[in-house]
Amino acid sequence: MLRRIGLVVLLISAAPRAAAPTPEVLLLRDRHRSYCRRGLTEPLPPGYASLDASRPWLIYWCLHSLSLLGDSFRGGGGGGGGGEEGASASLRLGSSVVSTLSSFQNALPPSSGFPSYRTTGGFGGGVGQISHGAPTYASVLSLLTVSTTKALQAIDRAKLHAWYLGMKDPPASGSAGLLGLAPAPGGGGFRMHEDGETDVRGTYCALCVCDLLNMLSPRIKYILLCGQDPNGGMRDKPSKGRDYYHTCYGLSGLSVSQWGGVAEAEKEAEKEAEAETEAETAGGPKLKPKPKPKPKPKPKPGPAVYGDVGNNLVERTNPIYNVRWDLVERGKDYFRRQGAVE
């Protein structure tokens, strides 16, 4: 039996067909891995020429994708499924990333004879380009993804910290905040580059990098409070108006920054508990040993809060779903008890 649908003619059997088996859905790991490796090692199509100042982003996108697929750039396995040869290739790739990004870093000594912008700290989008908050963010994340000692040592933290402080606008008049900085004209945020725009992107990139590299000085932490409107609500920066979007995500960011240390401590406690359980069950049943004195429990770190803890502490949000932590657990527990929907 023939049936025409638009330009397509279908042959419909008069006899009923057996239901076709559901095809297995697979992640095309090897193809994705090959695609990302080509992006890092082979010339890109001409259309990418307009992204010359975004090379650290392209490196990060490819590198992080490979990392999520299980690649390790430190050697010792996890080299992309190619055994020793794959691990060696990943190690060489990681080394090339470090060399490339190091050439983008503007951390040359003043005596080098290069223009002054090459000595400021921070990363540009390519060799000889001025430092910019976005490629600096992507470069640091890429070096952390490679994670070799050479990669981590490549970041000049002292110069980068000085550069971030140079990119920080002074607070707006009357917004000295909890740190008591002298009021001055300005937005209180971070510029993306010298004489560049100040917006929430610069603040986000600066806070992420400074938190990762352990250089969140009080002057930089102060920026967490610059988004508040005195009449209520939060904003992109002090010169802008408040809105519900920035109120939601400003408070969400405040929650993550306050509770991040608690989450890390919980992960460490879980690892220690798992290690103890494995040690107790290893080797099968044994004679019960004499009980050892229990070590004193480590003090649990509390949330990091500036000023009045009772007033300034916000509730803990789940950083994956951005719903309050306890409500995510309540909702998931409820639907687990309802059973899966097939």
Side-chain angles (χ1 to χ4, degrees), residues 27-45 48-49 51-109 112-114 117-164 205 208-215:
L27 178 67
L28 305 176
R29 306 179 69 93
D30 292 340
R31 295 184 185 181
H32 298 324
R33 180 177 284 117
S34 177
Y35 173 71
C36 292
R37 283 182 172 271
R38 288 199 306 272
L40 289 169
T41 58
E42 297 180 7
L44 296 173
Y48 283 88
L51 296 177
D52 178 66
S54 299
R55 289 176 64 190
W57 281 110
L58 294 166
I59 291 172
Y60 167 65
W61 294 334
C62 294
L63 205 64
H64 183 52
S65 298
L66 290 169
S67 178
L68 292 176
L69 291 169
D71 281 21
S72 170
F73 307 97
R74 295 183 290 117
E84 292 185 8
E85 184 178 347
S88 178
S90 291
L91 190 62
R92 291 195 303 271
L93 180 59
S95 180
S96 297
V97 167
V98 175
S99 300
T100 299
L101 293 177
S102 295
S103 69
F104 297 172
Q105 186 171 207
N106 293 316
L108 298 172
S112 62
F114 282 86
Y117 73 86
R118 295 286 280 133
T119 68
T120 59
F123 292 79
V127 178
Q129 298 182 19
I130 64 169
S131 296
H132 190 287
T136 294
Y137 169 83
S139 296
V140 169
L141 296 189
S142 296
L143 291 169
L144 262 66
T145 301
V146 174
S147 199
T148 59
T149 301
K150 182 181 178 182
L152 302 178
Q153 290 178 342
I155 304 169
D156 192 322
R157 292 196 307 157
K159 285 199 171 186
L160 179 55
H161 185 262
W163 180 75
Y164 271 131
C205 291
C208 284
V209 170
C210 291
D211 184 48
L212 284 168
L213 303 186
N214 192 25
M215 54 187 204

Chemist: List the atom of Tyr117, the atom of Gly128, and the distance in Å for their closest heavy-atom pair.
Modeler: OH-O, 2.7 Å
Chemist: Given Leu93 and Val146, is the side-chain contact (heavy atoms from CB on, under 4.5 Å) satisfied, shown in steps?
Modeler: CA-CA 9 Å; Leu93 180 59; Val146 174; over 6 Å; no
Chemist: Looking only at non-hydrogen atoms, find the nearest pair between Pro56 and Phe104 and report the distance.
Modeler: CG-CD1, 3.8 Å
Chemist: Minimum heavy-atom separation for Ser112 to Thr119, with atom names?
Modeler: OG-CG2, 4.4 Å
Chemist: What is the minimum heavy-atom distance between His161 and Met215, and which atoms define it?
Modeler: CD2-O, 3.3 Å
Chemist: If you measure from CG on Leu68 to CZ on Arg33, what distance do you get to the nearest 0.5 Å?
Modeler: 11.0 Å
Chemist: From Ile155 CD1 over to Leu143 CG, what is the distance, rounded to the nearest 0.5 angstrom?
Modeler: 5.0 Å
Chemist: Return the OG to CZ distance between Ser95 and Phe73, rounded to the nearest 0.5 Å.
Modeler: 12.5 Å
Chemist: Does the side-chain contact (heavy atoms from CB on, under 4.5 Å) test come out yes or no for Leu44 and Leu58, once each step is laid out?
Modeler: CA-CA 10 Å; Leu44 296 173; Leu58 294 166; 3.9 Å; yes
Chemist: Could you measure the distance from the CZ atom of Arg74 to the OG atom of Ser90? Nearest 0.5 Å is fine.
Modeler: 12.0 Å
Chemist: Which residues pass the ring pair (Phe, Tyr, Trp, His ring centres under 6.0 Å) test with His32, sequence neighbours left out?
Modeler: none
Chemist: Report the distance from atom CG of Leu101 to atom CD1 of Ile59, rounding to the nearest 0.5 Å.
Modeler: 4.5 Å
Chemist: Where is the tightest heavy-atom contact between Leu152 and Ser147, given as atom of each residue plus distance?
Modeler: CD1-O, 4.3 Å
Chemist: Looking at Ala138, is its backbone amide N or carbonyl O close enough to the side chain of Ser142 to form a donor-acceptor pair, meaning the two atoms are under 3.5 Å apart?
Modeler: yes
Chemist: Quick one: which residue pairs count as a side chain to side chain donor-acceptor pair (under 3.5 Å) with a foot in residues 120-133, not counting sequence neighbours?
Modeler: Asp52-Gln129, Asn106-Ser131
Chemist: With sequence neighbours left out, what residues match Tyr137 under ring pair (Phe, Tyr, Trp, His ring centres under 6.0 Å)?
Modeler: Trp57, Tyr204
Chemist: Rounded to the nearest 0.5 Å, how far does CZ of Arg37 lie from CG of Asp71?
Modeler: 5.0 Å
Chemist: Do the side chain of Thr145 and the main chain of Leu141 share a donor and acceptor less than 3.5 angstrom apart?
Modeler: yes
Chemist: How far apart are the C-alpha atoms of Ser34 and Arg38, what are their side-chain angles, what is the distance that settles it, and do they pass the side-chain hydrogen bond (donor to acceptor under 3.5 Å, both in side chains) test?
Modeler: CA-CA 6 Å; Ser34 177; Arg38 288 199 306 272; 2.9 Å; yes
Chemist: Testing the basics here: between Arg55 and Thr100, what is the closest heavy-atom pair and its distance to 0.1 Å?
Modeler: NH2-CG2, 4.0 Å
Chemist: Let's go through Leu160 and Gln105 carefully: what are the C-alpha distance in whole Å and the side-chain angles of both, what is the deciding distance for side-chain contact (heavy atoms from CB on, under 4.5 Å) to 0.1 Å, and is it a yes or a no?
Modeler: CA-CA 9 Å; Leu160 179 55; Gln105 186 171 207; 5.7 Å; no
Chemist: Under a 3.5 Å threshold, yes or no: a donor from one side chain and an acceptor from the other, between Ser96 and Arg92?
Modeler: no
